[in-house]
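Only this structure's heavy atoms are used, side chains among them; waters, hydrogens and symmetry mates stay out. Throughout, a chain's letter reflects where its sequence line sits, starting with A, and its residues are numbered from 1.
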Amino acid sequence: MYLPSDSTSLFAGKSFLIIDDFQGMRSMLREMLRTFGTKNIDTVTNGKEAIAYLEKNKYDVVLCDYNLGSGKNGQHILEEAKFRGLIGLATAWIIVTAEKTADLVFGAAEYMPDDYIIKPVNEATMKSRLEKVLAKKEMLVDIERAASEKDYGLTIALCDKALASSKTNATELQRIKTCTLLTMGRYDRAQQEFELILAKRDIPWAKTGLGKAAFYKGEHARAQQLFREVINENPAYLEAHDWLARSYEAAGELEEAQRALARCAELSPNSVIRQKNLGELAHKRGDLETAENAFRKTIKLGQFSIHKSPVAYLGLAKICSENDNPAEALQILKDTCKEFESAETSFHAKVVEGMVYSKSGDVVNARKISREVAELVKTDDSHRASSVMLEAAQMFLATGNNEAAENIAQTLVKNNHENAELLAQVNDLYSQAGMSDQGEELVKNSRQEVIAINDRGVILAKEGKLDEAIRLLSDAHSKLPNNKRIMVNLSNMAVMSMRKNGKNSDMMLIVDECLRQVAKLDPQDKWCAQLRVALYALPA
Amino acid sequence: MKNSIGILINFLESNLTELGPDARDKATPMLYEVKRVNDNLVQMLAIYKIGNQFYPFDLTENSIDDFVREIVEQNKTLLDYSGIALDVDLDEGLTWYFDYELISGVISHALNNATHYTKDKLRLSVKEEGGELVMRVEDNGSGYPGSVLEAGDAVSKGVNFSSGSTGLGLYFSSMVAKLHKNRGRTGGIFLENGGNLGGSCFILRLP
C-alpha cells in the first residue's frame with residue numbers, strides 16, 4: 001500500500017534556484033518548496049540573472065521554466081551551466097514546461113535535464129518528482145563521476161553493482177553501461193546487451209543502440225534498417241533520425257542523408273546543431289538554397305546558445321560569394337570576427353575572405369589577403385583543422401601562391417597519410433587548379449616519406465630495439481603532431497615497454513600526450529578508450 | 001494558458017480549507033471543472049501532436065507505486081472535499097513501460113470523470129494480468145449510459161469515433177492506449193458496468 005512520504009528532512013538542508021519569468025509561478029513554486037521544509041530558495045526571472053546566480057552559488061536543485069520570453073530559454077541556461085561547469089554532477093536540474101517537445105525528451109544525452117514536469121504544476125507531483133530525482137542523483141553520482149573522468153572500467157563495474165542490488169533506475173543504468181561499452185569500442189558486448197533488453201521489450205533507445213553498434217562495425221545497411229524501424233514506431237525519436245542521416249552519409253547516400261536531417265531539424269526546431277549539420281550537408285551537395293536557409297536559422301537560433309558556431313557564419317559567407325554577392329559575404333565575415341574572438345576563427349575568416357575576393361575578380365585584394373594568410377601559416381600551422389587548411393590551400397592556388405599551397409598540402413598529407421578522403425580532396429584541389437600531375441606527385445611522395453618512417457619504427461620494435469623505435473617515432477611525432485598512425489604506434493610501443501619494465505613517467509608522458517592529441521583531433525575516437533583499457537591493465 | 005490553469009488549481013486546492021462548509025460545498029465542483037478544462041486542453045494538444053507525428057512518445061520504465069501515489073495525491077483535495085473514498089489496490093514493486101504523461105492523462109481523466117458520476121466510492125486498481133498491465137477505475141454510481149458503452153465499443157474496435165459529445169476523452173484514451181505496443185501486441189481501453197463497486201468501470205490494458 002502506498003504511503004504519503006514524510007520527507008521534510010530530505011528537503012530541509014537543500015538549496016534551490018527557481019528560474020521563471022512569471023511572478024505568479026515564482027511565488028507558487030517558492031510556497032510549495034517552503035511547505036516541503038526548504039529554507040534556502042533563490043528566485044530569478046531570466047537567463048542572464050540565472051547565470052549570474054549560478055556563477056556565485058552552488059545549488060542542489062534548479063527548477064527552471066522552459067519558456068522565459070525573449071533571451072535564453074531554459075534549455076539554453078542548462079546547456080551553458082553544464083558546458084561552463086557552473087553546476088556539478090550532483091545538481092538536479094528540472095525543467096518545467098507547458099508542453100513536452102522532442103527536444104526536451106529526446107535531446108542530446110549530455111544536455112538532458114534530470115527530469116521535466118509538465119504544467120500545471122501541483123504540489124503532489126512536485127514533491128514526488130523531487131524525491132525521485134534526488135534519490136536518482138545520489139545513486140548515480142559516483143557512476144557519472146567515473147564516466148566524466150573517462151574511467152570506463154569503473155563506470156561499468158559500478159553500473160553492474162547497482163543493477164545487481166536494486167531495480168530502481170535500471171533503465172538509466174543500462175543506458176549508461178551500453179553507452180560506455182560503445183565508447184570503449186566493445187561493439188559485440190554492447191550488441192549482446194541491447195539484444196538482451198530487446199528480447200523482453202521493444203524499446204527505442206535499445207534498438208537505436210543496436211543500430212549504433214552495427215554502424216560502428218561498418219554494417220551500414222543493417223544500421224539504416226534498424227534506425228528506420230525505430231522511426232516507424234516512434235516518428236519523433238530524434239536520435240534515430242540523427243543516426244539514420246549519419247549512416248546514409250557514411251554510405252555516400254547524401255540525398256537521403258539530407259532528407260533525414262531535414263526531418264530531424266523540423267522535429268527539433270530549436271536545435272542549433274541540427275540546423276548547422278543540415279546546412280553543411282546541403283552545402284556539400286551543392287543545394288545552396290537549403291544550405292543558406294539552414295545557416296541563417298543556425299545563426300538566429302545560436303544567438304543565446306553555447307552551440308553558436310562560426311561554421312554557419314562562414315558557410316553563409318561562402319554561399320553569398322557563390323551567389324555573386326561578395327558585399328554581403330564580406331559583411332558576414334566582419335560580423336563573424338566580432339562574434340567570435342578567437343584566432344582560429346579569424347584565420348578561417350581570412351581564408352574565406354581571400355576566396356571571396358578571388359571569386360569576385362578583385363585580384364589586388366585577393367593577393368593581399370593570400371600573402372597575409374601565408375604569413376600566419378608560417379608562424380604556426382600545427383593546430384588548425386585539416387578542413388580549414390584545405391581551404392587555405394585552395395585559396396593559395398586560386399591566388400597563384402603555389403609555394404604556400406604546396407607547403408600546406410605536404411603537411412596535410414603527412415599528418416593524414418592514411419586518410420583516403422583527405423588525400424582525395426588534396427588531389428581534387430590540384431586538378432581543379434589544372435595541376436593534377438603536381439597534385440598526384442605531391443601526395444605520393446609525402447605519403448611515402450611517412451610510411452617509410454613508420455615501417456622503420458615497427459621493424460626496430462620487432463627486432464627488440466624498443467628504445468630506438470620509440471626515439472625514432474617520438475622525433476617523427478614532434479614533426480608531424482597530427483599523424484594518428486605515428487601516435488598509435490608510438491603509444492603501443494610505450495605500453496609494450498611498460499609491460500616489460502614496469503610503469504615509467506617518461507613513457508606515461510608520451511602516452512598521455514598522444515591520447516590528448518588524438519582526442520583533440522576526433523573526440524569520438526575509439527582508440528583512446530582502448531588504450532586507456534590497456535593502461536588500466538598495466539602492472540603498477 | 002497552462003500557467004493560468006496551474007495557478008487556478010493551486011489556488012482552489014490551497015484555499016478550499018479556509019472556506020466555511022456551505023461555501024466549500026459550492027466551490028468544490030469548480031475544482032472538478034478546472035481539472036476538466038485542463039484534461040481537455042492536454043488531450044487536444046496530444047491528439048494534434050500525435051496526429052502530426054510530432055508527439056515525443058517517451059516509453060520509459062515506471063514504478064507503479066510512484067505512479068499511483070502521484071495520481072492519488074493529485075486528486076486528493078477534490079476527493080476529500082467531495083466526500084468520496086478512494087480505495088487503491090496494486091501489485092507492489094511492479095514496474096511497467098509506458099509514456100508517463102499520456103497514461104497519467106488517461107487515468108487522471110478517468111478518475112476526475114468517476115468523481116463526478118460516483119455516489120461516494122472509487123477504486124483504482126493496477127495489476128499485471130497475463131503479461132499485460134491492467135488499470136481499472138471503478139465507481140459505485142449508476143454506471144455508464146448505453147450510448148457511452150456503445151461509443152466505448154466503437155473506439156476499442158478501431159472505428160474512428162468523432163461524433164457525439166462524449167468523444168474527446170474516449171478518443172484520446174483509445175489513441176494513447178494504441179500507441180503502446182510491444183512485440184505484436186497493442187494496448188486498448190474498455191468500458192463496463194458492474195465491476196467491484198457495481199457502477200462504471202474504465203479499463204486500460206497495456207502490453
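Pairs engaging residues 23-53 of chain B under the ring-ring contact (aromatic ring centres under 6.0 Å, His included) rule: B:Tyr32-B:His116 [sequence neighbours left out].
Residues of residues 53-62 of chain B placed with any heavy atom under 4.5 Å of a heavy atom in chain A are listed by number as B:Gln53, B:Phe54, B:Tyr55, B:Pro56, B:Phe57, B:Asp58, B:Leu59, B:Glu61. Within residues 93-103 of chain B, the residues having any heavy atom less than 4.5 Å from a heavy atom of chain A are, in residue-number order, B:Gly93, B:Thr95, B:Trp96, B:Tyr97, B:Asp99, B:Tyr100, B:Glu101.
Across A:Asp202, A:Asp103, A:Ile118, the residue that shares the most heavy-atom pairs under 4.5 angstrom with chain B is A:Asp202. Among A:Arg129, A:Glu266, A:Met25, A:Lys200, the residue making the largest number of heavy-atom pairs under 4.5 Å with chain B is A:Arg129. Among A:Met32, A:Glu172, A:Arg263, the residue with the largest count of heavy-atom pairs under 4.5 Å with chain B is A:Arg263.
Minimum heavy-atom separation, A:Asn122 to B:Gln74: ND2-CG, 3.1 Å. When all heavy atoms are compared, the tightest approach of A:Pro120 to B:Asn38 is CD-OD1, 3.2 Å.
If you measure heavy-atom distances from A:Leu238 to chain B, you find no contacts under 4.5 Å at all. For a residue to count as touching a neighbouring chain, one of its non-hydrogen atoms must lie under 4.5 Å from one of that chain's; by this rule A:Lys132 touches chain B with the side chain only. Proximity to chain A involves both the backbone and the side chain of B:Ile7, based on heavy atoms less than 4.5 angstrom apart.
Side-chain contact between A:Glu31 and B:Asn10 is absent, with no heavy atoms from C-beta onward closer than 4.5 Å.
The number of heavy-atom neighbours closer than 6.0 Å to CG of A:Asn232, taken from other residues, nucleotides and ligands shown, is above 12. Few gaps surround CD on A:Glu195; more than 12 heavy atoms of other groups in view lie less than 6.0 Å from it. Atom NZ of A:Lys297 has 12 or fewer neighbouring heavy atoms from other residues, nucleotides or ligands inside a 6.0 Å radius.
Expressed to the nearest 0.5 Å, how far NZ of A:Lys127 lies from CZ of B:Arg69 amounts to 9.0 Å.
Side chain of B:Arg183 to backbone of A:Leu198: a donor-acceptor contact under 3.5 angstrom is found.
When the side-chain contact (heavy atoms from CB on, under 4.5 Å) test is applied to A:Arg175, the partners found at least two apart in sequence or on another chain are A:Thr171, A:Trp205, A:Tyr237.
A salt bridge between A:Glu99 and B:Lys49 is present, with a side-chain N of the basic residue lying under 4.0 Å from a carboxylate O of the acidic one.
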I'd like to know whether A:Glu233 forms a side-chain contact (heavy atoms from CB on, under 4.5 Å) with B:Lys181, so could you lay out the CA-CA distance, the side-chain angles of the two residues, the decisive distance to 0.1 Å, and finally the verdict.
CA-CA 9 Å; A:Glu233 286 294 313; B:Lys181 288 180 195 142; 3.8 Å; yes
